[in-house]
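Not measured: the values here are computed from a predicted model.
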Amino acid sequence: MKTDSFVERHLGPTENEVQEMLKTIGVKNLDELIENTIPSHIRLKTDLNLPQPMSEYEFSAHIQNLATKNKTYNTYIGLGYHATILPAVIQRNIFENPSWYTSYTPYQAEISQGRLEALLNYQTMIIDLTGMEMANSSLLDEGTAAAEAMTLLFNARSRDQKKSDANQFFISTKVLPQTIAILETRAEPLGIELIFGSHEIIELSSKTFGAIVQYPTKYGQIYDYTDFITSAHSNDTKVIVAADLLSLAVLKSPGEMGADVTVGTSQRFGIPLGYGGPHAGYFATKEEYKRLIPGRIIGITLDADGNRALRMALQTREQHIKREKATSNICTAQVLLAVMAGMYGVYHGADGLKYTAKRIHSLTNTLNEAIEKLGLEQLNSTYFDTLQVNVTSASKLKFIAERNEINFLTIDDTTIGISINETTTDNDLNIILKVLSEAENKDIVTIDNCSLCISIPKGLIRTSDFLTHEVFKKYHSETEMMRYIKRLERKDISLTDSMISLGSCTMKLNAASEMLALSSSSWNSIHPFVPKEQAQGYQEMLEGLADDLTIITGFSATSLQPNSGAQGEYAGLMCIRAFHKSNNESHRNICLIPASAHGTNPASAVMAGMKVVVTKTSEDGNIDVVDLKEKVKIHKDNLAALMVTYPSTHGVFESAIMEITEIIHSNGGQVYMDGANMNAQVGLTNPAAIGADVCHLNLHKTFAIPHGGGGPGVGPICVAKHLAPFLPTNPIIKTGGSTAISAISAAPYGSALVDLISYSYIKMLGEEGLKKSTIYAILNANYIKTRLEKHYPILYTGEKGFAAHEMIVDFRQFKAKGIEVTDIAKRLMDYGFHAPTVSFPVAGTMMIEPTESESKQELDKFCDALIQIKKEIEEYVEGQDSVLKNAPHTQTMLTTDNWNYTYSRQEAAFSLPYVAENKFWPPVRRVDDAYGDRHLVCSCNPIEDYMD
C-alpha cells in the first residue's frame with residue numbers, strides 16, 4: 001500500500017475486493033463495467049488537464065503556505081460580519097467532530113434526535129431574542145433570509161392587494177448593501193417593484209405590500225420602528241426587520257415593535273468569519289405565516305409510546321412536495337452553523353449574552369467619548385456597537401490604519417465606520433485612537449480601562465426576558481456542556497457509525513486532512529469585505545478551485561457565490577434569463593422539466609420568472625423524447641431552458657441525452673444540467689460533452705464538503721462561454737462577469753471557508769484519483785444492485801442492464817401485504833443503517849447511492865440487512881405484531897420486564913451477527929408525524945403545552 005497516496009485512503013474497496021465485486025457483477029474488469037454503463041459517444045476522449053495529486057503531507061504544507069498570504073488584521077468593517085469567539089468546547093466537540101458534521105438532513109427523525117434537539121434550541125433562541133412566534137431552523141445567510149421574507153409577504157398579500165396588483169416593496173436605504181442586492185435579484189423576475197427611501201419620510205401607497213428596515217442600520221444608528229410599523233400596518237403593509245441578533249440581548253425586540261418578520265444572521269454567536277461564510281441566517285415570523293415559512297422547521301411530537309420526540313414539521317409546504325407551487329426553493333440550509341450558534345446560546349445563557357452585548361456596547365461608548373476628546377464628530381446619536389466618524393481624509397486614514405493592521409469601513413471620502421466586536425479589548429481601542437490621532441494630526445488620547453455602561457435610550461432598552469427554558473441555564477460549565485453535546489451526539493447516526501446510502505445525496509468520506517485548515521485563524525478570521533490584497537491566500541485558493549471545476553465540467557467559467565445547490569439552480573437560470581434578455585428575447589420564459597426532477601428544479605424555475613412545463617418519463621425511466629419534441633414544438637417561440645439531471649434521478653445514463661440537448665438548442669433554448677449526480681461523471685464525461693450550457697455542482701456531494709446535518713452546502717455554477725458575462729457580482733467586492741447579474745448570496749464568494757475542503761479534495765486526488773473515485777462509485781452501486789436484484793426489483797437500468805452510481809429498489813409489491821416502504825426504512829435503523837432516499841423519485845421505492853468511499857464489507861452488511869428484511873416481509877401476516885411495524889426498537893423496549901411481542905428480543909435488535917459489534921440504539925420509537933403537525937410546537941416549551 002502506498003501510504004502517501006490519498007486516493008487509497010479515500011476509496012473503500014481494496015484491489016482484492018474490487019476483483020471479487022467485478023466477478024459478482026459479471027464483468028472482467030473496470031473498463032468493461034464503464035463501457036456497459038456510460039454511452040461511448042459522451043465519454044471524454046482525453047484526460048482532465050489537472051495537476052498531479054499531492055500527498056496529505058504535501059497538501060498540508062501547501063495550504064499552510066497559502067494561509068500565510070492571508071493577513072489577519074483587526075477588522076472593524078461591520079456590515080453584518082463581525083469577529084467572534086467560538087468557545088473551545090463547541091469547536092472541539094461540534095465543529096471538528098465528524099459525528100456532527102457527517103450526518104444528514106434529519107428526515108429520519110428517530111435517528112436524528114440529537115441535532116433535532118440542538119436545532120430546537122436554536123429556534124427557541126431566535127424566537128426569544130426576536131420576540132416573534134415562530135422561527136425556522138436556519139437559512140443560507142441574512143440576505144437570503146430577507147429575500148425569502150419579501151417573497152413570503154408577497155405571497156401572503158390580501159385578496160384585495162392581489163386584485164389591485166399591489167406589487168411595491170419598500171427598502172430603507174439604510175439596509176445592508178448586500179441584502180439590497182439580493183432583494184433586487186429576487187424581485188425582478190417576480191414582478192416586484194422596489195421603492196427606496198427613508199422610513200422616516202416615506203409615504204407608503206396602497207400598492208406597497210411590504211417593507212424592510214435594518215436594526216441597527218448598516219452604519220450603526222438605532223431607530224425605534226414602532227411608529228413606522230404601526231403606520232405601515234394601517235396601510236396593510238407588512239414590515240420586515242433585519243436585526244443584529246446579539247444586539248437584541250440589550251435592545252427592544254422587533255416583535256415588541258410589531259414586526260411581521262424578523263431576519264438576520266446568527267454569525268455573531270461564535271461562528272468564524274470565514275471570508276463570508278458559511279453562517280446561519282435566521283428567519284422568525286408570526287404563526288399565521290407558518291404554512292409559508294421557507295426552510296425547515298423543527299417541531300415536537302410523540303413517538304409510538306407517547307414519549308416526547310422531535311421531527312421536521314409541516315414538510316408539505318416544502319419544495320420536495322409542492323415543487324413549482326412551493327413558495328421557496330430552499331433545500332440545504334446551514335444546520336451545522338445553526339447548531340453551533342444555538343450551543344453558543346446554551347453555553348452562555350441569557351446572562352452571558354447580556355454581558356457580551358453590554359461589554360461590546362460599553363467599549364463602543366468608551367471609544368465614542370475618546371473620539372469626541374480628539375475633536376472628531378461622531379454622527380450616530382444612538383448606537384449599539386458601530387460609530388460613524390467624520391475624518392479629514394478617509395483615504396489617508398485607510399493607509400495609516402492598514403499600516404497598523406487595522407481595517408475600518410470607508411463610507412465616503414470623509415466618513416468612516418468603526419464596528420466593535422466580541423474580541424475587542426481596551427488595548428485595541430487605544431490602537432484605534434492612535435491611528436485616528438496620527439491621521440488627524442491630533443494629540444493621542446488613551447483609555448485606561450472600560451467599565452460597563454449603557455447609553456441606549458430607555459425606550460429602546462430590552463426589558464423582556466429571554467432564554468428562560470432550563471436548557472439555557474444548565475450547561476454553563478465546560479464539563480456539563482461537553483457531556484450535553486456528547487449526549488445529543490449519541491442519539492444520531494452519522495458516517496462515523498455506518499454507510500449512509502442516500503440516493504442523489506452522495507454521502508462520501510469527508511477526510512480529516514480536508515477539514516484541518518478550517519480551524520486555522522489564517523483562514524477562518526478573514527472578513528469578506530477586506531481588500532483583496534489582504535486575502536491573497538483565499539484569492540489563489542478560490543481561483544484555483546474555480547479553474548479546476550471549469551476544467552472538470554468542460555465549461556468556460558465558474559462562480560463560487562451560490563451557497564447551496566438550490567441557489568446554484570437559481571443562479572444558473574438567472575444567467576439564462578439574462579442571456580435571453582441580452583438577445584432581445586425576454587419573452588422566452590418556458591422551462592421544460594422532466595417529471596422525475598428534484599423538487600428544487602421547478603421551484604427555482606418559478607423564482608426565476610419562468611413557467612414550468614413538465615415533460616413525461618418513459619416506461620424505462622428516461623425522458624420521453626417524443627413528448628419532449630411535442631412540448632418543444634408547442635413552446636418553441638418562448639422556450640427558455642430545459643432542466644435535466646444527468647445521469648438521471650433514476651440512476652441511468654440516458655443514451656439520448658445529446659439528441660435531447662440538440663432539440664432544445666435548435667429551438668432557441670438553453671440546457672441547464674442539475675449537478676446532483678456529478679459523482680458519476682467526473683473524469684469520464686462532463687456537462688459540456690452532453691451539450692449543456694450551464695450546470696451547478698453540489699460541492700457538499702461530489703466534492704466532499706460534509707452535509708453537516710443539513711448544511712453547509714456550496715452550489716457553484718459552471719457556464720459555457722456565452723453565459724460567462726452574466727455570472728453574479730457583489731455590491732462591495734466585484735465578482736462575476738462583464739454584464740453580471742446582481743448578487744445571489746450575501747458574501748462575494750458565498751461560503752468561502754468550506755471551499756477549502758473541495759480544493760483539498762481535488763488537489764489530493766488529481767486527475768487519476770478523481771476518475772478512479774467515479775469508477776468506484778459506479779462499481780459499488782452495481783455491486784449492491786447485483787446482490788439485491790435477486791430479492792427485490794430494480795426499477796431502472798441503462799440499456800445494457802447496469803446502473804450508474806445509484807439505483808432505485810422497488811418495494812411497492814409489499815403494499816398488498818400491508819408493508820410500506822416506511823416500515824422498511826425504520827427497520828433498517830435496527831440494523832444500524834440510515835435508510836436510503838425514500839419515495840423519491842418514485843413513491844414506494846428507495847434510491848440507494850453507496851459512494852466510492854465504502855468498503856465491500858460495509859456494502860455486504862447493508863445488503864445482508866435488506867435481504868434479512870425480505871425474509872421478515874415474507875413471514876409477516878397482516879394484523880399481527882411485527883419487527884417491521886414496531887421498528888425501530890429502542891433500548892428501553894428491549895430492557896423492560898414485560899415483552900409482549902410474538903418475536904424475540906434478539907430478532908428485534910440483533911437479527912444479524914454484525915449488529916452486536918456496533919449496535920446503534922434509536923433513542924425514540926417511531927414518531928407520529930401527523931400529531932406533530934396538528935399540535936405544532938416549534939420551541940422548547942413545557943410538555944404540558946402540547947399534551948392533550
Side-chain angles (χ1 to χ4, degrees), residues 71-78 82-87 216 219-222 244 246-247 249-251 268 270 273 348 351-394 396-411 414-458 460-462 521 525 527:
K71 298 177 181 178
T72 52
Y73 291 0
N74 279 343
T75 296
Y76 307 104
I77 292 173
H82 304 268
T84 62
I85 299 171
L86 172 59
Y219 300 143
Q221 177 70 33
I222 300 174
D244 180 305
L246 186 57
S247 75
V250 292
L251 293 180
R268 297 195 84 161
L273 283 163
H348 291 320
D351 289 344
L353 293 185
K354 288 176 188 174
Y355 170 79
T356 300
K358 287 177 180 177
R359 181 180 168 278
I360 290 170
H361 178 64
S362 299
L363 286 166
T364 311
N365 278 332
T366 302
L367 180 61
N368 183 51
E369 291 170 5
I371 285 172
E372 289 179 354
K373 289 178 182 177
L374 275 176
L376 299 178
E377 183 185 13
Q378 198 282 115
L379 302 177
N380 290 336
S381 58
T382 306
Y383 50 82
F384 167 61
D385 64 356
T386 299
L387 305 176
Q388 270 193 93
V389 184
N390 271 349
V391 295
T392 305
S393 169
K396 178 183 178 183
L397 177 62
K398 182 176 185 290
F399 176 79
I400 296 170
E402 289 180 1
R403 194 177 65 205
N404 286 269
E405 299 190 349
I406 286 176
N407 290 310
F408 299 128
L409 173 66
T410 300
I411 296 172
T414 58
T415 315
I416 64 154
I418 306 174
S419 293
I420 302 305
N421 60 66
E422 183 184 12
T423 70
T424 307
T425 64
D426 291 5
N427 186 56
D428 292 330
L429 297 189
N430 280 320
I431 296 172
I432 290 171
L433 291 167
K434 172 179 170 290
V435 168
L436 288 170
S437 301
E438 181 180 346
E440 297 295 321
N441 298 314
K442 304 270 189 180
D443 292 336
I444 295 176
V445 175
T446 58
I447 295 166
D448 293 327
N449 67 315
C450 173
S451 57
L452 292 181
C453 56
I454 302 296
S455 66
I456 299 165
K458 185 177 180 181
L460 278 168
I461 294 176
R462 183 174 194 128
S521 61
S525 63
H527 192 288

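In the model, Asn427 has no side-chain atom that pairs as donor or acceptor with a side-chain atom of Thr425 under 3.5 Å. A donor-acceptor pair shorter than 3.5 Å cannot be found between the side chains of His361 and Ser247. Looking only at atom types and distance, the side chain of Tyr383 has a donor-acceptor partner in the side chain of Asn368 under 3.5 Å away. Between Asp385 and Ser419, the side chains place no donor N or O within less than 3.5 Å of an acceptor N or O (distance only, hydrogens not considered). No hydrogens or angles considered: a donor-acceptor pair under 3.5 Å links the side chains of Gln221 and Ser381.
In this structure, the side chain of Gln388 does not engage the main chain of Leu379 through any donor-acceptor pair within 3.5 Å. Panel note: side chain Asp244, backbone Leu246; a donor-acceptor pair is recorded below 3.5 Å. Side chain of Thr356 to main chain of Gly352: a donor-acceptor pair is present (N/O by atom type, distance under 3.5 Å, no hydrogens or angles). A distance-only check finds a donor-acceptor pair linking the side chain of Lys396 to the backbone of Ala439 [under 3.5 Å].
Ionic pairing of Glu438 and Arg403 is present here: one or more N-O contacts between side-chain nitrogen and carboxylate oxygen are shorter than 4.0 angstrom.
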Is there a salt bridge (Lys or Arg N to Asp or Glu O under 4.0 Å) between Lys373 and Glu369 once you walk through the steps? CA-CA 6 Å; Lys373 289 178 182 177; Glu369 291 170 5; 5.8 Å; no
Where do Leu251 and Ile456 land on the side chain to side chain contact (heavy atoms under 4.5 Å, CB included) test, with the steps shown first? CA-CA 8 Å; Leu251 293 180; Ile456 299 165; 3.6 Å; yes
